[in-house]
Amino acid sequence: MVWLSTRLRRSPLLALLYLGVAIAAALACRRQVARFPHAAHLGMQCGEPGQPECFTCLSCHGEITKDPKLGHPSDQNCKNCHKNERHMQQVLAATPSLAMQRASAIHFDHAKHLAMPGVEGQCIHCHAGVVSESGGPHFPPMGKCFSCHEHQDQWDRGVCAPCHSSADLRNLVPETFLAHGPGWDRRHGALAMTTTAQCSACHTAESCDDCHDVSQNMTIERRKATQVGGDFVHPADFLTRHAMEAASEPARCLSCHRTETCDSCHMARGVSAGRIDAVSPHPPGWMGPDSLDPRHHGRSARRDILSCASCHDQGPATNCITCHKVGGSGGNPHPNGWQSQRTPSDLMCSYCHIGGL
Amino acid sequence: MKFDAMQRMRRQTRQNLRSNASANAMTQVHWAACITASLSAVQPALAQTPSDVVRGPMTEFANRTHIEGDAEPAQRDQFELITRSRLTVAGFQRALTPGPGGAIVTTNTVAPFHEALSLAATRVDTPIAKDSLDVQFAAFGQVTAGPTEGMPPATWDVSSAFVSQRLGGVTVSLGRQPVTGGAARYRRLDGAVVRGRTDFGLMASAYYGLTVLPRWDQWYGTNSLGDAYEQWSAAPDSIVIPARGENWMGGMSLGWSDERIGTASVSFHHQAENLSIADESLGVSLRLGGWSPVGLVADAIYSLVQRDWSDVRLLLDWALTRSQGNGLGLGVRAELLHTLPAALLSQTSVLSVFSFEQVTELGGEVDLQLPLGMRFGLGGFAQDYGEGEPGARLRATYQFLSGPAERTLVRLVTSRVVLEQNGYVQLRASGAFPIGPRFTAYADVYQYFYDEPIQGHSTSTFAAAHLGYAARQFWNARIGGSASQSPIAALDLQVMAQLNLEWDREVR
């Protein structure tokens, strides 16, 4: 904490911005969406002589049996008992129902389901918790549908219609099945092969290309600049840190990039081995005779060969070959335990093993 | 609805409410559990506690009755047509890329126009079968106004363009498309992919085609390269220009899947560059716990060229509860990653035979979701590089979602990276704040503190702000800009305007 306060004192702009975010968070807390007082209406004394008629869910939401888009009550329902029209309008306007928005996007026959044996018109079977005024489930999870319906074949084929509209699917985020929770960016690759059909229910190949096709010359952070809740790979001034990031997670870059990607920029900026007038970025002692020196290139190469490849992956022009070829001064570059299915006559091997030696 | 049925409903509603008179004193979950439990005594086939609802439907499958889908088959062809266009116009000074030796270069003001276009038609009827044809196309183009420093002022490429025909359990896809997962990892090919699946969960796929070579010849300083490279290269004659027919890939996978249990598969991938072996690998994938709150993912790739494991991942997910709405949720994730970087290089690279050093990463994350839209995350990974000092990555996240449709977002992130050479601390504050029903303001601020100064600078600062407008349908627009200060740019200012057109519709 002391460390943080010190840093923030050194950067007043950042401290100001953090303060702004904190104030915004506090203001946002006050703007929790109000929920309609269902419990007060459903739990009141009713049905006895001198008391009003008891409510059911369909007393107000009856229109939903005709059309899901009509599930939100009109003010006419309220007017049957309440006289303060302005107050009614305020309550209805203050309780926009996310569930209703979703319900209108699902092809679901309420009338048919309510009349089924076992349901007996009880909405609570699926809408448990809807009467809560302080949160709770707004909308039945998809698992509720699967508790009765056998949809294995549609699941296998990734067919979500007709319950879902494909157009709406692309605006939803999975909450239970295939939920894209924390760490999803690291996990999705392992699942992509076995759940291809399910992925394609919402995503097209463009979704993959959007991140993995690196030839677009515009990072994903630029393309999706307003997704401020995401953890992309190249945030902020990534160029300053890219060597650190590559060293920290050595193989991650290769998920999308080839070494040519590195070399293309290093070449242009004059720090590539392939460029005639290149400026060496390596420290003194890099090529020295002391192979035990922490700055010696051999040690760095063993530890992080991908960083070497970002500049020196030039095929037969690779300058490593000059010293490390058979008979060269650099000695055998193969590590202990080296094994390969290649033979010295292989084209790549022949760069060093001249004549198959 | 008949009168007696209505009366029965009303009686049951009253009974349910009265039998839970203490509902106000109980939590939401417990309250709903009481109601559902009372119902379950009457209807055992539909018995389900809310905890089942929030955990996932594993128990639901055990209890479910088999009811046919209630959809009426459409008589006419009904398919989805998806079109998307994203036009991004940026204006910036090219200062974030350093000059020779990392020096700050003279800036140029440029304005790239970047257009990404995609079209897809899915579930189209064909004479072979109903709802059996998919067509997908995605491409981009870019035109740059201003000095381009030798880069071509215009470029474009096709990312994907393929047709998929389903026939029973078999799908055949032809064209430019990605292949993902297993030994293939992520590749793109111009060719054919065949996927099949039986009713018993057995699945198989095979692919063959020419490797998609990015249009790197349009960018200076890259392999397969243009005049610029030949001028700059120390040995231009030794560069092998890729020939299309000599770069190809093929592979296959076999597996079994049951979404309630999991998936197991083995895969093989072979890729050639200039007729030499670039990659030849076996993959093993295992996923357990399809419907369960506990999931295990194991993914391993064995390099047949290097004769060693090139990439091994073990992931254990434990969703103690899966939150619905504003409820509680806790997720725990553990991960083991073991990589042999040299084996993931193209095996046509000489450098792939220079190192056998392996990297092992072990760590985990905890994600806690609280009421009122709050979420906390804490994660840490330790890394062993085989030689030299170990490294570590730590991160703490606080996130808050609020408002209608959860349009208000506040997010604070602190992370720490420890490395032998250098490391940093990152602080990030970001947020999205609705302004009326259509406008949203976005802010994103990063600050980096480096352990060792980079070119004399110990910090980097990046701040971005955008304003987005979302129309009711079809389109949205964004304008914004960013400013940054870093060791390689004293001040970098960028502006951006973006127009997105989306048209996803069912066509009948």
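Computed from a predicted structure; not experimentally measured. Naming convention: chains lettered A, B, ... in sequence-line order (proteins, then strands); numbering from 1 in each chain.
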Stepwise side-chain contact (heavy atoms from CB on, under 4.5 Å) test for B:V350 and A:M348 | CA-CA 7 Å; B:V350 175; A:M348 189 268 282; 4.2 Å; yes

Run the ring-ring contact (aromatic ring centres under 6.0 Å, His included) check on A:H324 and B:F354 step by step: do they pass?
-> CA-CA 10 Å; A:H324 289 287; B:F354 271 44; 5.5 Å; yes

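A:L254 pairs in a side-chain contact (heavy atoms from CB on, under 4.5 Å) with only one of the listed residues (B:T339, B:L344, B:D311), which is B:L344.
Only the side chain of B:V297 comes within contact range of chain A, with at least one heavy atom under 4.5 Å from a heavy atom of that chain. For chain A, the nearby parts of B:S159 are the backbone and the side chain; heavy atoms of each come within less than 4.5 Å. Looking at A:D304, there are no atoms closer than 4.5 Å to chain B (heavy atoms on both sides), in backbone or side chain. For B:A120, the part sitting under 4.5 Å from any heavy atom of chain A is the side chain, from C-beta outward, and nothing else. Residue A:P281 does not touch chain B at all, counting heavy-atom pairs closer than 4.5 Å.
Counting heavy atoms from C-beta on, the side chains of B:R84 and A:E206 come closer than 4.5 Å. Residues A:D210 and B:R86 are in side-chain contact: their nearest non-hydrogen atoms beyond the backbone lie under 4.5 Å apart. At a threshold of 4.5 Å between non-hydrogen side-chain atoms, the residues B:E357 and A:I305 do not count as touching. Counting heavy atoms from C-beta outward, A:D231 and B:R411 have side chains that approach closer than 4.5 Å. In this structure the side chain of A:C208 reaches within 4.5 angstrom of the side chain of B:Y186, judged on heavy atoms. The side-chain heavy atoms of A:R258 and B:S346, taken from C-beta on, include no pair separated by under 4.5 Å. Using a 4.5 Å heavy-atom cutoff, the side chains of B:Q177 and A:D209 are not in contact.
Closest non-hydrogen pair, B:I82 versus A:T204, comes out as CD1-CG2, 4.4 Å. Contact detail for B:R185 and A:S255: the closest heavy-atom pair is NH2-OG, 3.9 Å. Counting all heavy atoms, side chain and backbone alike, B:S349 lies closest to A:D313 at OG-OD1, 2.9 Å.
Here CG of B:N422 is found 11.5 Å from CZ of A:R241. Values are rounded to the nearest 0.5 Å. A:S200 OG to B:Q136 CD: the interatomic distance, rounded to the nearest 0.5 Å, is 8.0 Å.
The candidate from A:A301, A:G229, A:A309, A:C349 with the greatest count of non-hydrogen atom pairs under 4.5 Å with chain B is A:G229.
No side-chain donor-acceptor contact under 3.5 Å links B:Q383 to the backbone of A:E249.
For the residue pair A:S248/B:R393, the side-chain donor-acceptor check at 3.5 Å is satisfied. Side-chain atoms of B:S484 and A:D237 include no donor-acceptor pair closer than 3.5 Å. There is no side-chain donor-acceptor pair under 3.5 Å between A:R302 and B:S355.
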